[in-house]
Amino acid sequence: MRLFSIGDGPPLVLLHGLGSTRAAWTPVLDRLAATHTVHTVDLPGCGDTPPLPPGVPPTPRRLAEAVALMLDRHGVDTPHVAGNSLGGWVALELAALRPVASITLLSPAGLWRRHTPIYCTISLLLTWAGCKYARRPLTALVGSAWGRRLLLWQFHADPRRVSPEVARRGIADLGRGPGFRATLRATRRIRYRATEPLTMPVTLAFGMRDRLLLAEQSRHTGELPPQTRRADLPGAGHVPMDDTPNLVVAAILDTTGARR
């Protein structure tokens with residue numbers, strides 16, 4: 001796992017979602033780097049990072065352990081952490097393993113009552129299968145606004161505003177990620193459970209037009225620390241960095257204390 005860094009200031013670690021890569025943070029990277037040293041990674045089994053060793057299930061706790069080892073190796077102490085989707089769940093697990101200064105959860109996974117909703121599992125599997133086995137026609141399809149709307153409606157509030165280049169990158173990243181199925185399988189029958197008291201500032205921000213993590217299925221917040229602040233994102237879908245980058249930057253900087 002490689003660490004990519006930009007900017008200057010207190011450390012901020014950004015964790016992407018399942019099947020995505022560090023490139024998901026591109027729309028907000030420069031603005032966050034104006035006040036923080038921003039660190040991005042490809043989680044194990046995604047992008048350029050190989051999966052965890054055979055026999056090690058890629059649960060959010062195991063992924064967090066891999067991130068913690070990498071941060072220790074690079075001397076990144078007590079960073080702020082922001083995570084989207086699976087990355088939000090990993091951020092919570094990371095905070096139980098080592099000191100972090102704050103956590104910003106953007107449409108985090110794991111906040112379901114017992115296990116991953118069947119709707120989410122089927123949706124993600126179908127999307128992955130299309131990106132892996134029908135990459136060429138899907139790449140052509142997202143060249144048009146209606147094609148992006150057809151393919152990306154669960155992930156973005158208004159897929160027509162997502163550029164064809166970003167859509168094609170997402171298709172390629174999801175289709176080539178070797179750890180997708182193993183990670184989805186490892187998270188199917190578990191949910192986030194607090195194992196350590198978390199005392200740092202925590203912000204929970206769901207895209208108000210998130211069509212993947214539905215409100216009645218994936219917003220059970222009883223395991224989150226009592227100081228968690230709610231700051232939902234109007235006009236954003238499941239991946240808010242593309243939909244409402246200004247709101248995402250504001251949510252993160254409000255949590256880190258860098259926004260004045």
Side-chain angles (χ1 to χ4, degrees), residues 15-20 24 43-46 57-64 82-94 96 103-133 138 149-159 170-171 173-175 177 179-195 202-225 228 230-244 248:
L15 302 173
H16 62 77
L18 176 61
S20 186
L43 291 173
C46 298
T59 62
R61 174 54 69 102
R62 293 294 194 183
L63 297 176
N84 173 227
S85 194
L86 174 67
W89 191 348
V90 174
L92 288 166
E93 300 287 358
L94 182 66
I103 307 172
T104 306
L105 305 170
L106 303 171
S107 294
L111 301 184
W112 30 77
R113 193 178 299 279
R114 288 182 295 276
H115 50 71
T116 307
I118 294 175
Y119 166 78
C120 293
T121 300
I122 293 175
S123 296
L124 289 168
L125 274 175
L126 289 176
T127 303
W128 168 81
C131 293
K132 184 171 180 64
Y133 299 111
L138 292 185
R149 185 173 185 178
L150 179 67
L151 185 62
L152 304 177
W153 65 275
Q154 284 186 299
F155 301 94
H156 296 282
D158 187 355
I171 291 170
D173 288 342
L174 181 55
F180 176 87
R181 290 186 66 184
T183 305
L184 183 61
R185 187 165 54 248
T187 58
R188 274 189 60 195
R189 300 191 178 280
I190 61 176
R191 63 187 176 96
Y192 170 67
R193 290 181 179 273
T195 57
V202 179
T203 296
L204 174 64
F206 273 97
M208 294 182 70
R209 296 174 67 182
D210 189 333
R211 304 182 186 100
L212 181 65
L213 298 183
L214 304 182
E216 63 272 17
Q217 297 178 342
S218 304
R219 314 288 171 89
H220 299 284
T221 59
E223 294 291 317
L224 296 181
T228 299
R230 191 72 180 254
D232 285 339
L233 307 172
H238 182 64
V239 185
M241 295 84 78
D242 286 308
D243 289 333
T244 57
V248 169

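When reading the values below, keep in mind they use all heavy atoms of this one structure, side chains included, and skip hydrogens, waters and symmetry mates. Since this is a predicted model, take the numbers as computed values, not measurements.
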Distance from Leu152 atom CG to Arg211 atom CZ, nearest 0.5 Å? 11.0 Å

Provide the closest heavy-atom pair for Pro108 versus Gly88 in the form atom of the first, atom of the second, distance. CB-CA, 4.1 Å

pair Leu233-Leu106: side-chain heavy atoms closer than 4.5 Å: yes

Are Thr183 and Leu86 packed together at the side-chain level, in the sense that at least one heavy-atom pair is separated by less than 4.5 angstrom? yes

What are the two closest non-hydrogen atoms of Gly237 and Ser107, and how far apart are they? O-OG, 4.0 Å

Residue set satisfying side-chain hydrogen bond (donor to acceptor under 3.5 Å, both in side chains) with Asn84, at least two apart, ordered chain then number -> none

For atom CZ of Arg193, is the number of surrounding heavy atoms from other residues, nucleotides or ligands below 6.0 Å larger than 12? no

Counting heavy atoms not belonging to Arg181, are there more than 12 under 6.0 Å from its CZ? no

Is any side-chain heavy atom of Arg61 closer than 4.5 Å to one of Thr195? yes

Check: Leu224 and Leu111 side chains under 4.5 Å, non-hydrogen atoms: yes

Using every non-hydrogen atom in the two residues, find where Ala109 and Trp89 come nearest and quote the distance to one decimal. O-CB, 3.5 Å

Does any non-hydrogen side-chain atom of Val248 lie less than 4.5 Å from one of Thr104? no

Closest approach of Cys46 and Gly19, non-hydrogen atoms and distance? SG-N, 4.0 Å

Roughly how far apart are Thr59 OG1 and Glu93 CD, rounded to 0.5 Å? 7.5 Å

Nearest 0.5 Å please: distance from the CG atom of Leu15 over to the CG atom of Leu105. 10.5 Å

Output a table of donor-acceptor pairs, distance under 3.5 Å, between side-chain atoms of residues 120-133 and any protein atom two or more places apart or on a different chain; print 'none' if there are none.
from: Thr121; atom 1: OG1; to: Pro117; atom 2: O; distance (Å): 3.4
from: Ser123; atom 1: OG; to: Tyr119; atom 2: O; distance (Å): 2.7
from: Ser123; atom 1: OG; to: Gln154; atom 2: NE2; distance (Å): 3.0
from: Thr127; atom 1: OG1; to: Ser123; atom 2: O; distance (Å): 2.9

So does Arg191 get a backbone contact from the side chain of Arg113, meaning a donor-acceptor N/O pair under 3.5 Å? no

Contact check, side chains of Ile190 and Pro60, non-hydrogen atoms, under 4.5 Å: yes

Looking at Leu184, is its backbone amide N or carbonyl O close enough to the side chain of Thr187 to form a donor-acceptor pair, meaning the two atoms are under 3.5 Å apart? yes

Minimum heavy-atom distance Ile103-Ala91, with the two atoms named: CG2-CB, 4.0 Å

Starting at CH2 of Trp112, measure out to CZ of Arg219 and round the result to the nearest 0.5 Å. 11.5 Å

Once side-chain contact (heavy atoms from CB on, under 4.5 Å) is applied, do any residues pair with Ala157, and if so which ones, sequence neighbours excluded? Arg209, Asp243

Which atoms form the tightest heavy-atom contact between Leu212 and Asp210, and what is the distance? N-OD1, 2.9 Å

Do His16 and Met241 touch side chain to side chain, with heavy atoms closer than 4.5 Å? no

